[in-house]
Amino acid sequence: MVRTRFAPSPTGHLHIGGLRTAIFNYFFAKANNGEFILRIEDTDKERSKDEYTRAILEGLKWCSIDWDDICYQSKREAIYEKYLNFLFEKGLAYKCYCSKERLEKLKKEQLEKGENPHYDGHCRNLKEEYSDKPYVVRIKLPKEDIDFKDYVHGDMHFSYKEFDDFIIRRSDGSFMYNFTNVVDDIECGITHVIRGDDHLTNTAKQIVLYRLFEKEPPEYAHVPMILGEDKTRLSKRHGAKSVLEYKEFGILPDALVNYLIRLGWSYGDKEIFTKDELIKYFNLENLNKSAAVFNPDKLLWVNEEYIKSYSPKELLKYLKDFLDDSCKSFSDDYLSKAIETMQARAKTLVELADGMMFYCVEPKDYEEKGAKKYLKESVKEPMKFLLDKLKEADFENEESLKKAFEETMEKFEIKMVKIAQPVRIGLTGRSAAPGIYEMLMILGKDESIKRIEKVIDAIPFKSS
RNA sequence: GGCCCUAUCGUCUAGUGGUUAGGACGUCGGCCUCUCACGCCGAAAACAGGGGUUCGACUCCCCUUGGGGCUACCA
């Protein structure tokens with residue numbers, strides 16, 4: 001069975017790059033009827049924090065990336081100990097008592113000679129043990145080149161000369177990334193490792209460990225990284241962002257997932273995927289090889305597509321966090337109708353919530369520019385006439401409302417825009433809003449009449 | 001410095017020896033129209049450069065250049 005994992009270290013919030021890796025692993029597992037494991041790699045006691053672990057879990061949950069199992073490396077010391085003993089017994093690892101000072105000096109000397117800095121094996125064949133001296137554990141690097149196959153990059157080859165007897169356990173007794181990573185992947189039965197291609201060199205080191213453990217390595221897919229607009233590695237200075245910031249910004253989780261999976265992966269010309277489609281179509285073969293630039297504009301477009309495609313009821317669930325308190329007293333049915341008129345007019349939930357505010361609370365003031373342009377003396381009489389007609393109209397019936405407007409236009413020989421805009425400003429305070437009839441029908445007769453009377457009083461508009 | 005990865009419109013990408021190099025975002029026009037959007041139609045926009053291989057290269061190979069990564073008692 002296919003088993004994948006996402007293995008973040010809780011040294012920061014879940015960011016876009018991490019989420020994408022999780023998404024790839026999740027959909028690959030689901031596409032193959034497999035399992036997706038979450039592993040918190042918290043072996044770096046200095047930098048790991050519980051709050052980051054919580055944020056990572058929250059981010060994944062928000063995106064509905066559910067894990068079949070979760071484990072924490074900090075609770076698995078005994079297992080690592082077991083694997084370490086195996087290495088000692090086989091004579092494949094050794095204690096190194098070299099001081100940091102000696103190591104630094106060594107590195108400096110090697111650099112000066114134009115050599116690549118490598119540990120010189122000083123303690124490799126040490127006979128005696130010092131119980132009072134701190135030590136790290138190093139592996140004995142075999143003199144064999146390292147080959148592996150990668151789903152996206154093809155055949156990979158590294159010379160053993162590129163590596164040295166690297167450390168697997170620190171002097172404080174904790175274990176290092178490459179070691180725990182391999183042990184856990186073996187223990188969890190991970191079949192496919194999908195991760196950023198910044199790990200390509202680590203993979204070579206990890207393959208060495210698999211050999212020492214006499215285990216078969218999993219299959220690998222090293223996905224290209226995400227870059228910022230200046231084509232450097234995506235980081236905080238590119239304006240973003242932990243995944244949860246996108247939530248606050250009004251991005252729908254499905255939209256974010258959809259956008260991210262298309263960054264480095266494609267399925268012909270298809271842009272929008274449902275979750276079911278992703279489970280059906282996602283594969284490793286269509287992964288791209290080169291790094292991709294993160295494009296906020298396209299994310300916004302995808303989000304817009306999702307907003308348009310959701311039913312108002314679905315959207316309302318996500319929208320509740322963004323709606324003003326004044327909307328709370330309205331029924332879901334009322335709000336749903338309001339949402340429907342705004343769906344094609346918002347790129348984010350923030351915009352959507354803002355744009356439909358007027359359905360819940362009457363405008364405090366009128367947008368200056370629009371009011372100046374449309375609330376002119378010349379429309380005062382037509383507006384009064386329209387108001388009278390609307391008082392007699394049936395607000396449940398669009399045709400009836402239409403008739404009121406048409407009669408007004410006819411009588412005064414004016415165009416629709418001349419009366420529609422003043423009404424729109426009266427209803428919403430703005431010159432850009434949904435269609436007149438739909439707004440009138442949703443607001444209802446009493447509320448509409450009240451707002452129109454108020455705007456007629458404001459004609460001609462005088463800026464304050 | 002060493003090693004590794006990588007290179008199609010501004011961006012995301014399709015393309016696997018013979019295509020008018022396709023789609024999407026964005027941009028710019030137009031249509032629709034009560035405003036703003038949506039929608040629809042259209043336009044500009046790319047194979048980094050140089051060598052090979054081949055009857056024929058965006059597609060295969062090499063070099064250059066550009067970009068990225070790794071080179072920790074971080075992950």
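Residue numbering restarts at 1 for every chain, and letters A, B, ... go by the order of the sequence lines.
A:Phe158 comes within 4.0 angstrom of sugar-phosphate atoms only, judged by non-hydrogen atoms across all strands, and of no base.
A:Phe273 is linked by a ring pair (Phe, Tyr, Trp, His ring centres under 6.0 Å) to A:Trp265, counting only residues two or more places apart in sequence or in another chain. When the ring pair (Phe, Tyr, Trp, His ring centres under 6.0 Å) test is applied to A:Phe36, the partners found at least two apart in sequence or on another chain are A:Tyr26. Residues meeting the ring pair (Phe, Tyr, Trp, His ring centres under 6.0 Å) test with A:His192, sequence neighbours left out: A:Phe28.
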> How would nucleotides 57-75 of chain B be written as a contact map, 5' to 3', with B for base contact, S for sugar-phosphate-only contact and - for no contact, using protein heavy atoms under 4.0 Å?
Replying inline: ----------SSSS-SBBB
>> Each nucleotide in nucleotides 31-42 of chain B should get exactly one letter: B, S or -. Can you fill that in based on protein heavy atoms under 4.0 Å?
In response: ---BBBBSS---
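Between A:Phe158 and A:Phe148, the ring planes are parallel. Angles under 30° get that label, and only those over 60° would be called perpendicular. A:Tyr130 and A:Tyr97 have perpendicular rings, their planes meeting at more than 60° on a 0 to 90° scale where under 30° would count as parallel. Note on ring orientation: taking the six-membered ring where Trp is involved, the planes of A:Phe175 and A:Phe179 are parallel (angle under 30°, cut-offs 30° and 60°).
Looking at A:Lys402, A:Lys337, A:Arg424, A:Arg345 one by one, the single match for salt bridge (charged side-chain N to carboxylate O under 4.0 Å, His left out) with A:Glu438 turns out to be A:Arg345.
Atom pair A:Asn116:CG and B:G1:P shows a separation of 12 Å (rounding to whole Å applied). Going from atom CG of A:Asn288 over to atom P of B:U16 covers 15 Å, rounded to whole Å. Regarding A:Tyr267, its OH atom lies at a distance of 14 Å from the P atom of B:A14, rounded to whole Å. To the nearest angstrom, C1' of B:C5 lies 14 Å from CG of A:Asp155. Atom C1' of nucleotide B:C12 and atom CG of A:Leu300 are separated by 15 Å, given to the nearest angstrom.
Annotation: B:A24 and B:U8 have their C1' atoms spaced 15 Å apart (nearest Å). Nucleotides B:G49 and B:C58 have their P atoms positioned 10 Å apart, rounded to a whole Å. When the C1' atom is used for both B:G2 and B:U13, the distance is 34 Å, rounded to whole Å. With both ends at atom C1', the span from B:C62 to B:G15 equals 23 Å, rounded to whole Å. Going from the P atom of B:A57 to that of B:A21 covers 15 Å, rounded to whole Å. Comparing the C1' positions of B:A75 and B:G18 gives a spacing of 49 Å, expressed to the nearest Å. Atom C1' of B:A44 sits at a distance of 13 Å from the matching atom of B:G26, rounded to the whole Å. For the C1' atoms, the distance linking B:U16 with B:C61 amounts to 16 Å, nearest Å.
Judged by distance alone with a 3.5 Å cut-off, no donor-acceptor contact links the side chain of A:Glu115 to the base of B:G2. Put simply, the side chain of A:Lys270 and the base of B:A24 share no donor and acceptor less than 3.5 Å apart.
Distances shorter than 4.0 Å separate some side-chain N or O of A:Lys289 from OP1 or OP2 on B:U6.
Base pairing of B:C38 is not made with any nucleotide, judged by Watson-Crick or G-U wobble geometry with both donor-acceptor distances under 3.5 Å. The partner of B:A14 is absent, by the rule that a Watson-Crick or G-U pair needs both atom distances under 3.5 Å. Across all strands shown, B:G69 is found opposite B:C3 as a Watson-Crick or G-U wobble partner, with both distances under 3.5 Å. In this structure, B:A43 forms a base pair with B:U27, meeting either the Watson-Crick or the G-U wobble geometry with both donor-acceptor distances under 3.5 Å. Shown here, B:U20 forms no base pair; nothing in the strands shown gives a Watson-Crick or G-U wobble contact with both key distances under 3.5 Å.
Enclosure of atom NZ in A:Lys45 by more than 12 non-hydrogen atoms of other residues, nucleotides or ligands within 6.0 angstrom is indicated.
Nearer the 5' end of RNA chain B, as judged by each residue's closest nucleotide, is the contact made by A:Gly114, out of A:Val152 and A:Gly114.
Taking CG of A:Asp150 as the reference point, atom NZ of A:Lys289 lies at 9.0 Å (rounded to 0.5 Å).
Of the candidate nucleotides B:G26, B:G23, B:U6, B:G23 has the atom nearest to the side chain of A:Arg262.
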Using distance only, find each side-chain donor-acceptor pair of residues 376-389 of chain A under 3.5 Å and give its atom names and separation, not counting sequence neighbours.
residue	atom	partner	partner atom	Å
A:Lys380	NZ	A:Ile456	O	3.3
A:Lys380	NZ	A:Ile459	O	2.5
A:Lys389	NZ	A:Glu407	OE1	3.3

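Counting heavy atoms from C-beta outward, A:Cys188 and A:Arg5 have side chains that stay 4.5 Å or more apart.
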